[in-house]
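For reference, the structure is listed below as structure tokens.
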Amino acid sequence: MFSPADREHMTEALRLAERGLFSTTPNPRVGCVIVRDGEVVGSGWHEFAGGPHAEIVALRAAGERARGATAYVSLEPCSHHGRTPPCADALIAAGIARVVAAMQDPNSRVAGSGFERLRAAGIQVESGLMQEEARALNVGFVARMSRGRPWLRMKIAASLDGRTALANGRSQWITGPEARRDGHAWRARACAVLTGIGTVRDDDPQLNVREVETARQPLKVVVDSQLQLPLSAQLLASGKVLIAAAVEDKAAIAALQDRGAEVLLLPDARGKVELSELMRELARRELNEIHVEAGVKLNGSLLAAGLVDELLLYLAPSLLGDSARGMFSLPELTDLAQKRLVQFADVQTIGSDLRILAQVKN
């Protein structure tokens, strides 16, 4: 169905889409390549929400050479008016003869209607080329559109024996500078960085992106049931901060608001933050990927609630022993059948550390 040339051009479209890794949120990362008679005549990528979509950039570059050409696009062309006009209409008007898409748009406002509009105009449409690669590039957007909550990626830096901090809470630094820089790149692609009050008290993190260049800083989200966040916390010094709480302490809320933070009350029956509702709220705010850097308690709570999609583990070549803190606080298992399963997606060395990317299966 697809030729080697088709795969070559879609590979380039995906490479272009990846250039929007840090900047397109809440929109998907999309690339487009226009080819006529075997020659690339236009290409482009979606850079930021509100800016021209990849197809429009590529069509502008191609000009009249787009007529009779094939457009390779990493996501189904949109068919609705959002911040910009429909890309399907622009492809039709330009005289494109064939569209090859990596995947259908999971957005219910599109979801096949872009393909239908193109076919109705007599354009040959094919989909599914390098679909898995395209989904991986937009895993958060797909998750938000298809299930109503973001993709939650949990980053953990630990010793080889799975210890994340000393018994006294000290954890800076278990892994090396290369792993920390790599971790900041994962922060940069996320829409929000989420932590708990325990981590704030122990480490006083900034929770911003510093080690890689980015034009956008992610939202900082703190799970703080009892509103104990110190007003001197470094994360309050800059950027947007959302605090999820379970108590309506008006004085504490007013003080935090004076520091520029937003407080969201989401109590559950136990007086803790309802984490599932927090995820739904972040989806309503159009956040695609959530990057978690928290402690053993919040890590365990998120995992137990079935909210963790992916683990980003950095394992250092060191041993801290049983008295040091682990990765997750979870109820004791009485049978191995109760174990939680993961699937390794990628394993590589980063500096002197080992990086494991694994998806949570249950």
Side-chain angles (χ1 to χ4, degrees), residues 1-24 27-47 52-79 86-107 110-142 145-146 185 189 343-348 357 359:
M1 179 178 178
F2 297 111
S3 69
D6 289 334
R7 180 168 291 273
E8 177 186 346
H9 296 311
M10 185 60 76
T11 298
E12 175 62 13
L14 288 166
R15 189 191 67 79
L16 288 167
E18 193 171 2
R19 295 181 66 177
L21 196 64
F22 298 167
S23 61
T24 63
N27 289 356
R29 297 135 183 164
V30 182
C32 179
V33 175
I34 297 176
V35 179
R36 180 175 172 177
D37 298 328
E39 178 188 357
V40 175
V41 295
S43 62
W45 54 284
H46 181 47
E47 185 174 356
H53 287 190
E55 298 94 321
I56 305 305
V57 177
L59 286 171
R60 288 173 181 171
E64 284 301 315
R65 294 176 297 174
R67 191 161 300 279
T70 296
Y72 296 88
V73 60
S74 59
L75 185 69
E76 176 186 2
C78 62
S79 57
C87 290
D89 290 353
L91 292 166
I92 294 167
I96 289 290
R98 178 183 179 227
V99 170
V100 179
M103 61 176 288
Q104 180 175 296
D105 193 330
N107 186 343
V110 184
S113 62
F115 292 152
E116 292 175 5
R117 187 174 297 193
L118 294 170
R119 289 189 178 105
I123 295 175
Q124 179 184 350
V125 177
E126 298 168 66
S127 179
L129 176 60
M130 304 184 72
Q131 178 172 263
E132 291 307 309
E133 292 89 338
R135 287 181 66 89
L137 188 61
N138 284 306
V139 65
F141 180 78
V142 172
M145 289 295 169
S146 61
R189 69 173 282 170
Q343 179 176 322
F344 294 136
D346 181 69
V347 179
Q348 59 180 283
L357 195 65
Q359 293 189 5

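Numbers here simply count residues along the sequence, with the first being 1. Given the structure is predicted, the values throughout are model-derived calculations rather than measurements.
- To the nearest 0.5 Å, the span separating CD on Glu133 from CD on Glu18 amounts to 11.5 Å.
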Notebook entry, point to check: Please walk me through it: do Val99 and Gln124 pass side chain to side chain contact (heavy atoms under 4.5 Å, CB included)?
Noted result: CA-CA 6 Å; Val99 170; Gln124 179 184 350; over 6 Å; no
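- With rounding to the nearest 0.5 Å, the separation of CD in Glu8 from OG in Ser3 is 9.0 Å.
- The local environment of CZ in Arg98 is crowded, with over 12 non-hydrogen atoms from other residues, nucleotides or ligands closer than 6.0 Å.
- Proximity of a side-chain donor or acceptor of His46 to a complementary backbone N or O of Gly31 within less than 3.5 Å is not detected.
- The two residues Arg29 and Ala17 make their nearest non-hydrogen contact at CB-O, 3.4 Å.
- We find the CD-CG distance between Glu132 and Leu137 to be 12.5 Å, quoted to the nearest 0.5 Å.
- For the pair Gly42 and Ala61, the tightest heavy-atom approach, listed with the atom from each and the gap, is CA-CB, 3.9 Å.
- Applying the salt bridge (charged side-chain N to carboxylate O under 4.0 Å, His left out) criterion to Glu47, with sequence neighbours excluded, gives no partner residue.
- In terms of heavy-atom proximity, Ala66 sits nearest to Ile96 at O-CD1, 3.4 Å.
- More than 12 heavy atoms of other residues, nucleotides or ligands lie within 6.0 Å of CD in Gln348, so this atom counts as buried by the packing criterion.
- Residue Arg119 comes nearest to Val125 through the heavy atom pair NH2-O, 3.5 Å, listed as atom of the first residue, atom of the second, then distance.
- Around atom CZ of Arg7, no more than 12 heavy atoms belonging to other residues, nucleotides or ligands sit under 6.0 Å away.
- Between the OG1 atom in Thr70 and the CD1 atom in Ile123 there is a gap of 10.5 Å [rounded to 0.5 Å].
- Remark: the backbone N or O of Ala88 is not paired with any side-chain donor or acceptor of Arg117 at under 3.5 angstrom.
- Contact detail for Phe2 and Ser127: the closest heavy-atom pair is CZ-O, 3.8 Å.
- Listed by chain and residue number, Glu12 satisfy the side chain to side chain donor-acceptor pair (under 3.5 Å) test with Arg15 (two or more places apart in sequence, or in another chain).
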Check: Could you walk me through whether Val30 and Thr24 pass the side chain to side chain contact (heavy atoms under 4.5 Å, CB included) check?
Finding: CA-CA 9 Å; Val30 182; Thr24 63; over 6 Å; no
Next item on the list: Could you check Leu16 against Cys32 for side chain to side chain contact (heavy atoms under 4.5 Å, CB included), going step by step and ending with a plain yes or no?
Entry: CA-CA 7 Å; Leu16 288 167; Cys32 179; over 6 Å; no
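- Formation of a donor-acceptor pair under 3.5 Å by the Glu76 side chain with backbone atoms of Gln104 is not found in this model.
- Here the CZ atom belonging to Arg135 is positioned 10.5 Å from the CG atom belonging to Leu75, to the nearest 0.5 angstrom.
- In this structure, CG on Leu59 lies 5.0 Å from CG on Leu91, to the nearest 0.5 angstrom.
- The minimum heavy-atom distance between Val33 and Ala13, with the atom names listed, is CG2-N, 3.8 Å.
- Side-chain contact between Tyr72 and Asp6 is present, with heavy atoms from C-beta onward closer than 4.5 Å.
- A 4.5 Å side-chain heavy-atom check between Met103 and Asn138 finds every atom pair outside the cut-off.
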